[in-house]
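Reviewing the structure listed below.
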Amino acid sequence: MNGKHISNLGLKGAEIGVALKAAELRETAGLERDEILNELRGVQQRPGEYVGGVYGDLADMLLARQANDELHAADALREHALSYKVYGGNLIEPGALAQMNTAMRLPIARAGALMPDAHVGYGLPIGGVLATEGAVIPYGVGVDIGCSMRLSVYPLAPDRLDSRGAVALLQKHTRFGAGVGWDKRERLDHEVLDDADWDTLPLLRHLYDKAVTQLGTSGSGNHFAEFGTFTLPAPMSGLEAGTYLALLTHSGSRGFGAQVAGHFTNLAERLHPTLDASAKKLAWLNLDSEEGQNYWTAMNLAGRYALANHEQIHQRIARALDTEVALEVSNSHNLAWKQQVDGRELIVHRKGATPAAAGQLGLIPGSMADPAYLVRGKGEAAALESASHGAGRQLGRKAAERAIAKKDVQAYLNERGVTLIGGGIDEAPQAYKRVEQVIAAQTELVDVLGQFQPQVVRMDSGSEDI
DNA sequence: ATGTAC
């Protein structure tokens, strides 16, 4: 009996030595080689029956291998990506397509689409829409869970607020910057803080105080609050065609949502240790598991919290302007929804994609100095009833800081009469795709109803000022 | 995007 006999049985690596040791014991006990090889075949076929006996060590190893193989098989990527529709493919970098292809190879993937603002992100690309069955991917939603838009159109002429007044209102009623919250005596209240779901998980209870401090704030990166002129070419919802003063905000779930995302994506990665490296950040949680249910609860709470942030800003500014709101639109664009797709319930992840069911209103911003669009969804099935969430980056943050000159940004702002508070080169209009092209690439997905031109914009100050 | 740590 030697190692060759044993490896011929299909045993591998350390299993061979352990099998050989057991075989020697059986030889000592007087068994022939063929008898021992038969016993070894038995161990291979039914390792569970040999635990604790003379073949116990080998049985343990085989059981471990079996478990690992099963885990691996459940996580194995499809050989070929499921097909999916790409909108505005000429506007999309290859890296984003590669990420979407990987997502469409996941065993839980059922359908997907890529929006024309797509660019590379962690896991699913920004602008990616992915439908899965029975599972949710924390990084299919993204770090900023519930990131969303809100527009208030006031029944006021745009010149009712000059830029000095607009700056003063934004300074008073908004807060920007990573880690930033209100001072103790400035804190706001909202019914979302009374939500029973805060008490369902230790993680949520732990994040509650941070959420209280940051309610009604806007964070950093591409988040903004801006006054501008909203132009409605045809009447809608009781509002006459015309040009109005309006407020547009982009904000998310702040530190609360970011920590929820971090916690659950780590958990998902640990639960899928054998997932291919290319799909590591696409690790998922089964919705019938406790972890999956917990994420679903936390994600939806973060979604409601993000909308509450907008609501606070808009409510306070309307009050300060002493005006009614003639038209109010809002939508989340980083979230997962249960949605009927071809007659079955799937989990549709939109990571930087606007829900665009038939008749559904949404907001697609361009950049700090480019127009934002009020759109109405067409319910396009091939796009899983979605549209882009913005213009999308054409330059990464660092590339933008290298490539774009301050004076060019200033000229761009001046040409459009935009006043900027804060802002960084990494958010310069030149770092973004031309929103007109991005809108033109999704005529199958949405109709454009109105257009907003920013005039006084507040953002976090970037690492390179403008 | 967040505000700290594979």
Side-chain angles (χ1 to χ4, degrees), chain A residues 99 117-128 137-150 174-182 203-204 206-225 249-270 272-273 275 277 280-281 283 295 298-299 301-303 305-310 313 332-336 349-353 365 367-368 389-393 395-401 422-427 431-432 458-464:
Chain A
Q99 285 189 316
D117 59 340
H119 57 96
V120 170
Y122 281 119
L124 196 65
I126 316 299
I137 303 171
Y139 265 8
V141 169
V143 173
D144 190 6
I145 299 172
C147 186
S148 40
M149 300 295 307
R150 185 171 175 126
T174 69
R175 287 292 180 274
F176 282 82
V180 167
W182 296 102
L203 173 72
L204 298 180
H206 169 70
L207 293 170
Y208 183 76
D209 288 347
K210 180 188 276 290
V212 169
T213 308
Q214 297 189 320
L215 181 73
T217 64
S218 304
S220 64
N222 56 6
H223 288 175
F224 60 76
T249 52
H250 181 208
S251 180
S253 53
R254 310 290 286 102
F256 159 46
Q259 292 206 30
V260 168
H263 173 84
F264 283 100
T265 200
N266 285 338
L267 193 56
E269 279 187 42
R270 286 204 301 275
H272 296 274
L275 192 56
K280 192 178 168 202
K281 296 286 176 206
Y295 176 74
M299 177 198 79
L301 181 59
Y305 176 78
L307 293 176
N309 284 334
H310 290 272
I313 298 167
S332 306
H333 53 223
N334 284 12
L335 213 62
H349 303 71
R350 293 189 182 84
K351 186 186 191 184
S367 81
M368 57 168 70
H389 85 310
R393 285 192 165 276
L395 291 174
R397 295 187 181 280
K398 282 179 189 145
E401 280 163 12
I425 291 287
D426 55 337
E427 285 298 328
Y432 283 87
R458 184 174 188 192
M459 302 184 80
D460 185 28
S461 35
S463 54
E464 265 318 307

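Below, read A as the first sequence line, B as the second, and so on, with proteins coming before strands; counting in each chain starts at 1. Only this structure's heavy atoms are used, side chains among them; waters, hydrogens and symmetry mates stay out.
- Rounded to an integer number of Å, the gap from OH of A:Y305 to P of B:dA1 is 17 Å.
- Residues of residues 251-260 of chain A having a heavy atom closer than 4.0 Å to DNA chain B, listed by number: A:R254, A:G255, A:A258.
- The cationic atom of A:R458 (NZ for Lys, CZ for Arg) does not lie both less than 6.0 Å from the six-membered ring centre of A:F224 and within 45° of the ring axis.
- Between A:F176 atom CZ and B:dA1 atom P there is a gap of 12 Å when expressed in whole angstrom units.
- Taking CD1 of A:I145 as the start and CG of A:L335 as the end, the distance is 8.0 Å to the nearest 0.5 Å.
- Between A:S218 and A:H223, the shortest heavy-atom contact is O-ND1, 2.8 Å.
- Taking atom CE on A:M299 and atom P on B:dA1, their separation rounds to 19 Å, with Å as the unit.
- One finds a side-chain N or O of A:S220 lying less than 4.0 angstrom from the OP1 or OP2 phosphate oxygen of B:dT2.
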Mind listing the side-chain donor-acceptor pairs of residues 256-269 of chain A below 3.5 Å, one per line with the distance, residues two or more places apart or on another chain?
from, atom 1, to, atom 2, distance (Å)
A:N266, ND2, A:G262, O, 3.3
A:E269, OE2, A:K281, NZ, 3.2

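- When heavy atoms are screened at a 4.0 angstrom cut-off, A:K351 is found touching no nucleic acid atom at all.
- If you measure from atom CZ of A:R175 to atom P of B:dT2, you get 16 Å, rounded to the nearest angstrom.
- Computed from coordinates, the A:I145 CD1 to B:dT2 P distance equals 12 Å when rounded to whole Å.
- Within the 4.5 Å cutoff, the side chain of A:K351 has no heavy atoms near those of the A:P125 side chain.
- Between A:Q99 and A:V120, the shortest heavy-atom contact is OE1-CA, 3.4 Å.
- Taking atom CZ of residue A:F224 and atom P of nucleotide B:dA1, one finds them 11 Å apart after rounding to whole Å.
- Within 4.0 Å (heavy atoms only), A:N334 reaches no atom of the nucleic acid at all.
- Across all their heavy atoms, A:A400 and A:A431 have their closest contact at CB-CB, 3.9 Å.
- Between the P atom of B:dA1 and the CG atom of A:L124 lies a distance of 15 Å, rounded to the nearest Å.
- Nucleic acid contact class of A:E269 (heavy atoms, under 4.0 Å, all strands): none.
- Distance CD (A:Q214) to C1' (B:dA1): 11 Å, rounded to an integer number of Å.
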